[in-house]
J.: 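Just dropping this structure here.
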There are 2 protein chains.
Amino acid sequence: MTFEPISRQSVSDQVFGRLRDAIVSGRYAADEALPSERELSATFEVNRHAVREALRRLQQLGLVRVSQGGATRVLDWRATAGLDLAMALVGAEDVLPVATLGRDVLEMRACIGADAARLCAERAAPGARAAIAEAVDRYAAVVPDLARMAEADLALWRRIIEGSGNIAYLLAFNSLTAGAIAVGHMPAPRRTAELLDVGAHRRLSDQIAWGDAAGAQRTARALLALTATGEAAAHDRAATQGEAGAHDESAAP
Amino acid sequence: MTFEPISRQSVSDQVFGRLRDAIVSGRYAADEALPSERELSATFEVNRHAVREALRRLQQLGLVRVSQGGATRVLDWRATAGLDLAMALVGAEDVLPVATLGRDVLEMRACIGADAARLCAERAAPGARAAIAEAVDRYAAVVPDLARMAEADLALWRRIIEGSGNIAYLLAFNSLTAGAIAVGHMPAPRRTAELLDVGAHRRLSDQIAWGDAAGAQRTARALLALTATGEAAAHDRAATQGEAGAHDESAAP
DNA sequence: ACCCGTCAACTGGTTGGACCAGTTGACTCA
DNA sequence: TGAGTCAACTGGTCCAACCAGTTGACGGGT
């Protein structure tokens, strides 16, 4: 049992969190006006500057639209927010209106991972291919320890995506892993099937080294589908249960 | 010729932009300390609060790490920034250290679009399928006007991604389109091949309506590859020319 | 000579208040 | 009835002060 560092949230962090949750959970309709900064600062009993800093962050996330003179209005986050919102949703404690977020993240990981493997086999620099082989070795070296394997696996995939030379994939990967939803920090037992398949990992690395784009894509797809489709199936099983959000997948046997 | 609205940048917006560009362009090494808030406010000749608001946005983007008492340090954005950074890079005027961003965005669009089409055919609600058919009709109705076709095409893909039910795809799509790099606002002539293929669009819609997941994926992949691989080829042709950034692709014949 | 506690000089965090600059809508006058 | 006006909002900016952590140099102890 390890202790996690105590998070010291500043005032504006807390205001940010509350407003974010309120918006994402749908408490404000799209295009509805948020209370004025002065009003919010009175409500939260903080200074107006703290509120303003929080609003800036919400603006950066694509959740609100501010205009001098006019009111600050809530945006439809499904239409305007970027992938970083997934990163921010980690801290959201109340039930999200999106029960499928865990599945969705895994699907995206599978999709991007497979294409990155393809591109990597196709055009990665020799150094990048060597780095991938090394990463596989490090992964295989910790083989009994699931937690460390998960960590090494993540590092390996980062190498592969870096090798693909696609910045967009890399940034998306950051978004998905920083919001450690389901992929990293919360490894459902289902993920062990993928994690334990050392042979497939090694094959993938070899195919990339060899330049076999189609093979690497196929291997990566099969490997990632182990977790992604499992999650999708689990979601189908628990479909339309309302409370079964993306957060309590760990209860599975 | 239409006039675009004049952007009224606030002071903190400008500070944000400058710091963002400075960081992304590599003027600060990773883990290097940014000047203190007081110093920055003196340099830019603005109030410290304006600097703070800008720093908050940088923090939200994953570009800096702030800690009370300690200095604000620059992060390695390739390791910590999310996909929203692509959105923010639109405003960056100086040459980016990433010459392939346009190609990368198109590759990601192709990858996600194809998978979304698959999922959409597999599990979209009847209403969503109907909405896609309608979107194709609207697209086909403006067929000679390339600008309006591009707009309708974007709306169609949004419908498809919404139909896939994958929130992560939807958010990523927002990130990619909001940063209108190459995909939307700046349609390279190469894109016309994809845009003009009305038949493929219609076929895609039909396959989704019919529930033909594999077919929809194949059609979408082929359609999106028209632009994506063209861009990749163009990048290969202009490889290692330094100045040939993602911004001036429109000069191609 | 070396180690370690102390403390001043940083850093960011927070507050209050004042004023500027746009937007909005009600209200007035032609 | 219509257009213009203006007061009452909204967010944007600034100043000044103080609180709360971090850092590193300095000096006294061993």
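Since the model is a prediction, treat every value here as computed from it, not as a measurement.
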J.: Only one of B:R159, B:R158, B:E162 forms a side-chain contact (heavy atoms from CB on, under 4.5 Å) with B:I132, so which one is it?
T.: B:R159
J.: Only one of A:L75, A:L19, A:L34, A:T80 forms a side-chain contact (heavy atoms from CB on, under 4.5 Å) with A:V64, so which one is it?
T.: A:L34
J.: Which pairs with one or both residues in residues 48-77 of chain B pass salt bridge (charged side-chain N to carboxylate O under 4.0 Å, His left out), sequence neighbours excluded?
T.: A:D13-B:R56, A:R52-B:E53, A:E53-B:R52, A:E53-B:R56, A:R56-B:E53, B:D13-B:R57, B:D31-B:R65, B:E37-B:R48, B:E37-B:R52
J.: The side chain of A:S36 lies closest to which of these nucleotides: D:dG12, D:dG11, C:dT15?
T.: D:dG11
J.: Go through residues 37-56 of chain A and report each residue with a non-hydrogen atom lying under 4.0 Å from DNA chain D, sorted by number.
T.: A:E37, A:R38, A:R48, A:H49, A:R52
J.: Are any non-hydrogen side-chain atoms of B:V24 and B:L85 less than 4.5 angstrom apart?
T.: yes
J.: From CD of A:E32 over to P of D:dT10, roughly how many Å is that when rounded to an integer?
T.: 15 Å
J.: Kindly point out which of D:dT13, D:dG12, C:dG12 is positioned nearest to the side chain of B:S12?
T.: D:dT13
J.: What is the distance from CD of B:Q14 to C1' of D:dG12, rounded to the nearest Å?
T.: 12 Å
J.: Taking the side chain as C-beta and beyond, is there a heavy-atom pair between A:Y28 and A:P35 under 4.5 Å?
T.: yes
J.: Send over the distance from B:L34 CG to C:dC10 P, rounded to a whole Å.
T.: 18 Å
J.: For B:R18, I'd like to know if atom CZ has over 12 heavy atoms of other residues, nucleotides or ligands within 6.0 Å.
T.: no
J.: Expressed as a whole number of angstroms, how long is the span from A:Q9:CD to D:dG21:P?
T.: 15 Å
J.: For the side chain of B:T227 and the backbone of B:L224, is there at least one donor-acceptor N/O pair under 3.5 Å apart?
T.: no
J.: Take the protein atom CD of A:Q68 and the nucleotide atom P of C:dA21, then report the distance between them rounded to whole Å.
T.: 9 Å
J.: Polar-atom pairs under 3.5 Å, protein N or O versus N or O of nucleotides 24-26 of chain C: list them with distances, or write none.
T.:
none

J.: If we only count heavy atoms from C-beta on, is the A:L83 to A:M108 side-chain gap below 4.5 Å?
T.: yes
